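Down below is the structure, laid out as structure tokens.
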Amino acid sequence: MDQTIRSNYEAAKALYAKHGVDVDAALEKLSQIKISMHCWQGDDVRGFLNKDQALTGGISVTGNYPGAAGTPEELRSDLELAFSLIPGKHKLNLHAIYVDTDEKVELDKIEPKHFQKWVDWAKEQGLGLDFNPTCFSHEKSKDGFTLSHPDPEIRQFWIDHCKASRKIGAYFGEQLGQTCVTNVWIPDGFKDTPADRLAPRKRLKEALDQVFEEELNPAHNLDAVESKLFGLGSEAYVVGSHEFYMGYGIQNNKLICLDAGHFHPTEVISNKLSAISLFTDGILLHVSRPMRWDSDHVVTMDDELIDIGRELVRGDLLGKTHIGLDFFDASINRVAAWVIGTRNTIKALMRALLDPVEALRQAELEGDYTTRLALTEEFKSYPFGAVWDYYCSKNGVPVREEWLAEVKAYEQAVLLKRGEAAAAPVEAETNV
Ligand code: RNT
Ligand code: ZN
């Protein structure tokens, strides 16, 4: 290891030690945390099932940066580069539309075999897998409803799809020896004020009961449900609201998924973790960055990311929280987007692990809020960068912005040779 990196680390360690922070122990803890990196940043949420289907469901990718992955092989190649630039061993989060098969298969008929190539690859790469049914970008979701659709036949199609997805999740978990989280998110909702808010929620509740009817081994698969406040085209009403899934999750022992972009603009998920943790066995996070709406920008080191890390560490919630990422930006290099967002998430957790939590807690208990504020503010300029450089170097990944040169070289050698970008113009749809 570079001598400067090591000596900077030793100096930083001594500073943190003064406040009782054991930096080596913090890094050991950090190395145990797996981030579930989402595959869909690599191809603008297109997938390989119905490649001509436009992205629907009230989510949107803007930008036309060249080089989006067009095949599973291309996506895996991009992912391999991204993972090689991120310290630690992590997970990949797949969506059902990312099937890798020559067979023409419908969503309600997907089976583990259609994902075998992903499983083989994950084994080879030492990665875990998570999964999601894809209840959007499909002929049968075109009027904006899936599991809560008034037509029982359409509803059944989506129920069958979600059931099939859970089995795939369980297969991933069993094959890879680590639990797969299968997360159900549906876009269902109304653009304008509904006449009946209750009926769709009743239908959704009943549909979910059917989806989750079969008991699966929790060591292989855990189910999660993801709420939302509004989407494009479902501004007035979303069937699967926060209250709906908080109730459903607690009553039925499902993980509640909190997506950072799915609440009112000034509402933060960091402040929800301690409360929800008291009533559930586990939580799933979709770490994202909303900008004025659920825009799914690449995660940056902003106050909310730091606060999410702090809450997980201070509430001792790391053991029961599954940390997934959820952003999609087609206006920058997509591999870089993964690297920036994932490195930031890990770095924010590291910062939280380096906080003088005991000293802060003590000050708070004594009513010494002056010390609490003073320490908090001074720690913002403590040399966590030296610790991060050491951690990257120790894990054999590029230090600081050195990773960018690798991404740029890959862009020249591979991405720019791929032709047209995947994202279709969406201006007409995004006038919000
Ligand atoms: C949509 C949800 C959902 C999706 C992914 C692609 O608002 O956040 O998690 O982003 O399933
Ligand atoms: Zn999400």
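As the structure is a computational prediction, the values presented were derived from the model and not from experiment. These numbers come from the heavy atoms of this one structure, side chains and all, not from hydrogens, waters or symmetry mates. Counting starts at 1 for both ligands and their atoms, following the listed order.
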By residue and atom, what protein N/O/S atoms are less than 2.8 Å from the Zn ion (ligand 2)? E226 OE2, D259 OD2, H286 ND1, D326 OD2
Salt bridge check: are [X] and [Y] linked by an N-O gap of less than 4.0 Å?
X: K380; Y: E377; value: yes
X: D389; Y: R400; value: yes
X: K109; Y: D160; value: no
X: D307; Y: R310; value: yes
X: E206; Y: R203; value: no
X: D108; Y: K163; value: no

Check: D43/Y98 side-chain N/O donor and acceptor closer than 3.5 Å: yes
I'd like to know if the side chain of S295 pairs up with that of H297 as donor and acceptor (distance under 3.5 Å, no hydrogens or angles considered). yes
Out of E28, K29, K34, which residue meets the side chain to side chain donor-acceptor pair (under 3.5 Å) rule with Q32?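 Only one of E28, K29, K34 forms a side chain to side chain donor-acceptor pair (under 3.5 Å) with Q32, namely E28.
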Distance under 4.0 Å, heavy atoms only, partner ligand 1: which residues pass?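 Lining ligand 1 at under 4.0 Å, by heavy atoms, one finds W40, I59, H95, W185, E226, K228, D259, H262, H286, D294, D326, F328.
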